[in-house]
Amino acid sequence: MIRLDKYLSDAGVGTRSEVREYCKKGLVTVDGDVCRNFGQKIDSGRMTICFRGNAVLRETDAAVCYMLNKPAGYLCATKDSEAQTVFSLMPDVDTEHFFPIGRLDKDSEGLLFITNDGMLSHKLTSPRMHVPKTYEVWVSGTLTEEELTSLRKGTDIGDNTPCLPAQVTVLRTESTYQLSVEERMKLPSSLPDTIEASHVRITIYEGRYHQVKRMFHANRHEVFRLKRTAVGALCLDQNLHPGAYRRLTTEELEQLTAGINR
Ligand code: URA
């Protein structure tokens with residue numbers, strides 16, 4: 001048995017005094033119940049300790065993280081009564097302990113991390129960390145200088161505060177882009193099958209709901225394909241075909257969290 005505050009600080013959640021504050025604020029649960037008593041003795045082998053809803057690894061657990069090349073059409077969830085989830089692509093990975101880090105929309109593709117490490121997830125998704133996420137997007141129309149400036153300075157997408165500045169590069173524009181059936185379905189039916197379109201790379205430093213789509217929508221462009229290509233310092237492995245996954249190496253795990261403060 002070990003004191004809850006020692007367990008949390010050993011697991012890297014914070015210093016002893018920080019984790020006591022977290023407990024007092026009700027951010028820590030033991031087996032699903034909020035635990036403000038940081039001196040409580042816990043059996044780390046039997047109990048599930050969570051910080052901000054993310055499981056904190058027991059000392060005996062190994063931290064594992066997979067990189068999945070998510071295809072469009074799969075939900076980022078451990079289970080769903082109707083839709084196929086990303087776990088249906090990963091039959092060897094158990095949904096009791098593993099979960100996706102952050103979200104990609106059902107119709108989005110690309111880099112997704114799946115882990116059993118609540119602290120890793122917290123580090124990568126906490127709004128305070130500003131971890132960069134890079135996407136390639138295919139959008140209707142051509143972006144004007146004014147629209148590029150709006151994206152780069154911080155687009156207002158109707159939240160309380162505008163988005164943080166993004167890095168944006170137009171990779172290609174096509175005056176006659178032939179939409180696939182899937183792409184066609186994401187656009188207003190008033191548009192023809194062949195449209196003017198742009199392929200754009202964008203890096204954002206937050207993770208607001210549908211953020212990239214809303215940023216382009218606010219600038220009068222519809223996103224009809226969205227693929228995440230990098231998170232932090234790690235890029236999607238080009239050898240992973242859509243639906244394939246592999247475990248991150250120790251070096252990659254270190255790379256992923258390098259430079260991210262608690
Ligand atoms: N932004 C979006 O709009 N969708 C995603 O899936 C990811 C970022």
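Ligands are counted one by one from 1 in listed order, and the atoms in each one are counted from 1 as well. Note that the structure is predicted; figures quoted are calculated from it, not measured.
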- [ ] Please name all residues satisfying side-chain contact (heavy atoms from CB on, under 4.5 Å) with Leu89, sequence neighbours left out, ordered by chain then number.
- [x] Leu68, Pro71, Tyr74
Open item on the list: Take a 6.0 Å sphere around CZ of Arg16 and say whether it holds more than 12 heavy atoms from other residues, nucleotides or ligands.
Closed with: yes
TODO: Taking atom NE2 of His199 as the centre, report whether more than 12 heavy atoms of other residues, nucleotides or ligands fall under 6.0 Å from it.
DONE: yes
Task: Residues forming a salt bridge (Lys or Arg N to Asp or Glu O under 4.0 Å) with Asp80, sequence neighbours excluded - done: none
Task: N-O pairing of Lys186 and Glu222 below 4.0 Å - done: no
Open item on the list: Residues around ligand 1, heavy atom under 4.0 Å from any ligand atom, sorted by chain and number. Can you pull those?
Closed with: Leu104, Asp105, Ser108, Tyr135, His210, Gln211, Val212, Lys213, Leu226
Extract all donor-acceptor atom pairs below 3.5 Å that involve side chains of residues 166-176 and protein atoms in other chains or at least two apart in sequence.
residue: Gln167; atom: OE1; partner: Tyr205; partner atom: OH; Å: 2.3
residue: Arg172; atom: NE; partner: Glu174; partner atom: OE2; Å: 3.0

